[in-house]
Number of protein chains: 2
Amino acid sequence: MDAVTEAAGGRKADEVKSAARVLEVLELLGRDGARLSLAEMASAMSVPKSSLHAILRTMQARRWVDLDSAGTRYSLGLKALLTGTAYLEGDDVASLAGPVLDTLAEETGEAVHLGRLDGTDVVYLAKRESRHALRMYSAVGRRLPAHATALGKAVLSQYDAAEVQRRLNWPLERLTPDTVTGPDDLLAQLAEARLRGWALDDGENAVDIRCVAVPLGATPSGGDALSCSAPRSRMDDARLEEVASAVTGAAHSLRTLLKRLGQH
Amino acid sequence: MDAVTEAAGGRKADEVKSAARVLEVLELLGRDGARLSLAEMASAMSVPKSSLHAILRTMQARRWVDLDSAGTRYSLGLKALLTGTAYLEGDDVASLAGPVLDTLAEETGEAVHLGRLDGTDVVYLAKRESRHALRMYSAVGRRLPAHATALGKAVLSQYDAAEVQRRLNWPLERLTPDTVTGPDDLLAQLAEARLRGWALDDGENAVDIRCVAVPLGATPSGGDALSCSAPRSRMDDARLEEVASAVTGAAHSLRTLLKRLGQH
DNA sequence: ATCGAGCGTTCAGATGACCGAATGGCGTTG
DNA sequence: CAACGCCATTCGGTCATCTGAACGCTCGAT
């Protein structure tokens, strides 16, 4: 029955306007690295300046946004730091993953990640850096399109074709020349991943980066997966298999820890 | 000129009610590790259930809070993860501190922190873990009273007595038997820290933990400091001096990096 | 089975927020 | 030196949110 609200190209139904705006401000400042003026934000959000002004005053008073000394540029405040880390501490999967990621990072020597599917994106929940000098960039909280990452494909491989069709926005966004964009290609890759037990990203998200991921199965909060990424120069096909089995082992350990937790 | 707003023992001036409530929800879920029901939150915040209900619906639709499968317990959502890390990425001090902390952690082998004063609290902006098995607990985003931490005292030692009196809430909260609570004791410690160049926390915040901190001087966003913490068993007076000089060196490096950045 | 306590949810009236235009301050341009 | 552009900020009328009480529901206890 919620189709009614979404139909007619309409606004969201019963939303509290200023509540939604607060969240939109946080998302805006979080995305663009901050440093925006009131006028810039108002136009970006299509909200009257005067309305946004009152909201920003409230947020500033509570230290959720900072105003620079000139009084003209807003950025995220210190209170914003609290929520991110608190989310991770309150999450069973993320907090149990620590030791597993440590082990996996040590075994492989490469960058390893815990990711979670959120809509059409994958969000990094935790990471361990590669010990090599040549590193890939990543950050906890960062989002990447699910269809272009091993993590995303690992999670999606647990769903059936109809579910995948429903969840993603077609056509898929292209990030590199190798990004898969059509449903047929993606579904074929997912089927392969399902059989094999792990998903592959071969330069589909960042050129020259190969990445292997294994889904964690039914976790309370949607779909999680573990991955290991490295530059192609350190990840030939043979090495890929090695890494995949290490990641599979780590995923198995984490699943075991989660089961144990579930039984109190 | 910001004294005007704080003066007059001010009631909340023009706050947008639902905006303030959104932030309060995030703070509440962030503090208590989440898992709260609507009724619990409503009573904790002294807000009618029905009002909070609409706000939580809005937050849930945007994935800033999650509702468990039973539909009765709220926790932080995935969007909350974005702001915390974005704050750190947008902050010059925090992003330059990485390598400096790495070096300091390697030199000392103990837990090292970058902290920032926020009101009467110190917030951890970054940390590196001790390499010993016996570790102290800490987390980025976590808050501790400034007067009971080396980080807080390091920052406060840069202000004069009147400023310190004004900034803190007297009497100071007692966390351990050794916490200083009176103005005279604290001001004496701050004067000592100013002369010596580093501040000390000797079990005033957590029993058996000793911590050394050095202020970073005038940073754009208030007061920052670097610290190194260890259990008393690994931190006798001689070791304290050693560690203090390592932290001082690290603080100097970081100040140099910041100056260089300031000159483009 | 019956009751009751707790939960999330709904609704119509009262209150407070939102909006657009107008104001005053500041740095930059002609 | 003056005029402009851009900025944050204020103010009263209109409308949407907030409110408190009532509802249906799922539990656990009687």
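Because only heavy atoms are used, hydrogens play no part in the values below, and waters and symmetry mates are left out as well, while side chains stay in. Order of the sequence lines sets the chain letters (A, B, ...), proteins ahead of strands, with each chain counted from 1. This structure is a prediction, so every number in the text was calculated from the model and none was measured.
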Ion pair present between [X] and [Y], side-chain N to carboxylate O less than 4.0 angstrom?
{"X": "B:Arg116", "Y": "B:Asp91", "value": "yes"}
{"X": "A:Glu40", "Y": "A:Arg73", "value": "yes"}
{"X": "A:Arg62", "Y": "B:Glu24", "value": "yes"}

Residues in side-chain contact (heavy atoms from CB on, under 4.5 Å) contact with [X], at least two apart in sequence or another chain:
{"X": "B:Thr120", "result": "B:Leu168, B:Asn169"}
{"X": "A:Ala150", "result": "A:Asp201, A:Cys211, A:Ala213"}
{"X": "A:Thr83", "result": "A:Trp64, B:Leu26, B:Leu76, B:Ala80, B:Thr83"}
{"X": "B:Ala97", "result": "B:Leu101, B:Leu114, B:Leu254"}

Would you kindly say whether B:Ser18 and A:Ser18 are connected by a side-chain donor-acceptor distance under 3.5 Å? yes
Segment of DNA chain D, first to last nucleotide, that comes within the 4.0 Å heavy-atom reach of chain A: D:dC7 to D:dC18
Of A:Val16 and A:Leu67, whose closest DNA chain D nucleotide lies nearer the 5' terminus? A:Leu67
Give me, pair by pair, the N or O atoms of the protein and of nucleotides 20-26 of chain C that are less than 3.5 Å apart, along with how far apart they are.
{"from": "C:dG20", "atom 1": "N7", "to": "A:Ser50", "atom 2": "OG", "distance (Å)": "3.1"}
{"from": "C:dG20", "atom 1": "O6", "to": "A:Ser50", "atom 2": "OG", "distance (Å)": "3.0"}

Pairwise side-chain contact, [X] with [Y], heavy-atom cut-off 4.5 Å (strictly under):
{"X": "B:Leu190", "Y": "B:Leu186", "answer": "yes"}
{"X": "B:Val93", "Y": "B:Leu258", "answer": "yes"}
{"X": "A:Leu226", "Y": "A:His113", "answer": "no"}
{"X": "B:Val123", "Y": "B:Val140", "answer": "no"}

Give the residues of residues 17-25 of chain B touching DNA chain C, defined as any heavy atom closer than 4.0 Å, sorted by residue number. B:Lys17
Near DNA chain C, counting only heavy atoms under 4.0 Å, which residues of residues 37-47 of chain A show up? none
Phosphate OP1/OP2 of C:dT9: any B:His53 side-chain N/O under 4.0 Å: yes
Of all residues at least two apart in sequence or in a different chain, which pass the side-chain hydrogen bond (donor to acceptor under 3.5 Å, both in side chains) check with B:Glu163? B:Arg166, B:Arg167
Listed by chain and number, what are the side-chain hydrogen bond (donor to acceptor under 3.5 Å, both in side chains) partners of B:Lys127, not counting sequence neighbours? B:Glu129
Protein-nucleotide distance (A:Leu52, atom CG; C:dC19, atom P), rounded to Å: 10 Å
Atom-pair distance (CG on A:Leu56; C1' on C:dC18), nearest Å: 15 Å
Per-nucleotide pairing state of DNA chain C [Watson-Crick or G-U, under 3.5 Å; [ ] pseudoknot-crossing; | other strand]: ||.|||||||||||||||||||||||||.|
Under the salt bridge (charged side-chain N to carboxylate O under 4.0 Å, His left out) definition, can you give me all pairs with a residue in residues 136-151 of chain B, not counting sequence neighbours? A:Glu89-B:Arg142, B:Asp118-B:Arg143, B:Asp121-B:Arg143
